[in-house]
There are 2 protein chains.
Amino acid sequence: MSKQPKYRLVADALRREIEDGSLPPGARVPSENKLMERFEVSRNTARSGLHLLVSEGLISSSQGLGYEVHANEIFELNASRFENLEFPQDGDAYSTDVKSAGRRPHQTFRVEVQPASKDVAKRLEVEPGATAVLRFCHRFVDDVPWSTQATYYPEWLVSAAPRLAEPGDIEEGTTRYLAARGTVQDRYFDEIATRMPTPDEARLLEVGAGVPVLLWTRTGYSGERPVRCTVTTLRGDLNRMNYEIDNLSGRSENEPK
Amino acid sequence: MSKQPKYRLVADALRREIEDGSLPPGARVPSENKLMERFEVSRNTARSGLHLLVSEGLISSSQGLGYEVHANEIFELNASRFENLEFPQDGDAYSTDVKSAGRRPHQTFRVEVQPASKDVAKRLEVEPGATAVLRFCHRFVDDVPWSTQATYYPEWLVSAAPRLAEPGDIEEGTTRYLAARGTVQDRYFDEIATRMPTPDEARLLEVGAGVPVLLWTRTGYSGERPVRCTVTTLRGDLNRMNYEIDNLSGRSENEPK
DNA sequence: CAGTGGTCTAGACCACCAT
DNA sequence: TGGTGGTCTAGACCACTGT
């Protein structure tokens, strides 16, 4: 005897309709009132069922409009290749990738000098609280909030690359700028985690309940020394990361493809 | 004038207490009744606030016990190295890793022969619906559900490696078994995504609302031919993945460390 | 047993969106 | 203006956990 609570019956029925295509991506879900009649439940019970589907990331709601089935178009991010310093680029790596996918990139940008958090200090191998330069991007694709990216540079690097701490954008990309100033990154360490967004992140990325974020932390090394730590927060419903791993010796991973 | 709804005020106050350590990991959150008095709200409003924190992954509830602040111990998974075929192992790679961390591994296991799903077929480069062998693991660490792993092998591989389709475990690990039968994997393609768990996944991994899963899909190639596709579903609150990426040519990624 | 959360109802008022 | 979801209340009964 499966004694399911009523709100689960509502959610299960709608979930089935979403999965079998009766409610395709983008479709409107029956209104709370309709569900009250159909399942003979109170409004709050119908809402509980809908809320469950929201927290599963299947639907979302907006006031005055109703509930809608999520449409998930995902963007693939190949993280295993180094930025190719020879390959022609149109601005930074992000803009290049988005444009080559036929989409329109947009980003806001700011620079701050501030004490490094514990996590960042550990990765940059500096004392916690030591000064670091933060370069922060808020990125959009076709005006949809896509990701935030915070890159921290240790203070000692600024004397060799002063533009890091200046407010303006670096058109050619900071990786190229650093390489031109003699700091070439030859090793990356990537960490990937997931969690629900903080309220701040939910605001910046315009995601509601039910959409997790992907946290991508990349530490770049020049020789044995870490020279930057980039924390990227990606909308989990729109992004997927790829890595190609090769067991062949003597092969560069830097070929354009 | 920030006109926050009451349930958000409740959630914000508790979130602050969690973040500043007044409510440390593992601590009991004040009961719904206490919150009703403290914030002068109805029980449902207090519950809404608590529900919000649950969906953010900060707390969880259980009947009769109360709400508890999540304690997050994370396990790091280094995915960038190949399984070392020479290095002595104690069973498969998972058991070896868990034991070497001083934890107790446990897994249940089953084998099925079934038509490949569209996603799997694409990665194995076989026709959708073609027969594939599924080897499925449900893995625990110290009796906590940790991950599920489904590995699919194309049917043509079974004639060279018949034990793949047999019910029993392969003690030395399937990668070694395949290598011993002449199929050495020399390239991996990894895809990493995140989303909220399906009800089935939530049951297997024993996660409630507010904990996303990390989906790790690894396709292994022998030459140009895909020989397996492994889909691992990891609890997002307990796992982090790492990749080391090296720009040096002529260096094996297969050294033990 | 007392205290906890889980489910459910009926009703109210408000804010937003389309027409 | 009517329909949608968002917030909030007061009260009821049930199921689970500890002592």
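We use all heavy atoms of the structure for the numbers below, so side chains are in, but hydrogens, waters and symmetry mates are not. So you know, we letter chains A, B, ... as the sequences are listed, proteins then strands, and number each from 1.
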**Message:** Just to verify, what does B:Thr45 make a side-chain hydrogen bond (donor to acceptor under 3.5 Å, both in side chains) with, not counting sequence neighbours?
**Reply:** B:Ser42
**Prompt:** Is NZ or CZ of A:Arg110 both nearer than 6.0 Å to the six-membered ring centre of A:Phe136 and within 45° of the ring axis?
**Reply:** yes
**Message:** Using 30° and 60° as the class boundaries, would you call the ring planes of A:Tyr243 and B:Tyr243 parallel, tilted or perpendicular?
**Reply:** parallel
**Request:** Using a 4.0 Å heavy-atom cut-off, write out nucleotides 1-10 of chain D from 5' to 3' as B (base contacted by protein), S (sugar-phosphate only) or - (no contact).
**Result:** --BBBBBBBB
**Complete:** In short, the helix from C:dC1-D:dG18 to C:dA18-D:dT1 is bent end to end, axes from five pairs each side, to 10°, by 10°
**Item:** side-chain hydrogen bond (donor to acceptor under 3.5 Å, both in side chains) against A:Glu73, all qualifying residues, sequence neighbours excluded
**Value:** A:Arg103
**Request:** Could you pull out all residues at least two apart from B:Ser22 that satisfy side-chain contact (heavy atoms from CB on, under 4.5 Å)?
**Result:** B:Glu17, B:Asp20
**Message:** Test of understanding: with side-chain hydrogen bond (donor to acceptor under 3.5 Å, both in side chains), list the residues that count as partners of B:Asn33, not counting sequence neighbours.
**Reply:** none
**Prompt:** Is the shortest distance from a Lys or Arg side-chain nitrogen in A:Asp12 or A:Arg15 to a carboxylate oxygen in the other one below 4.0 Å?
**Reply:** yes
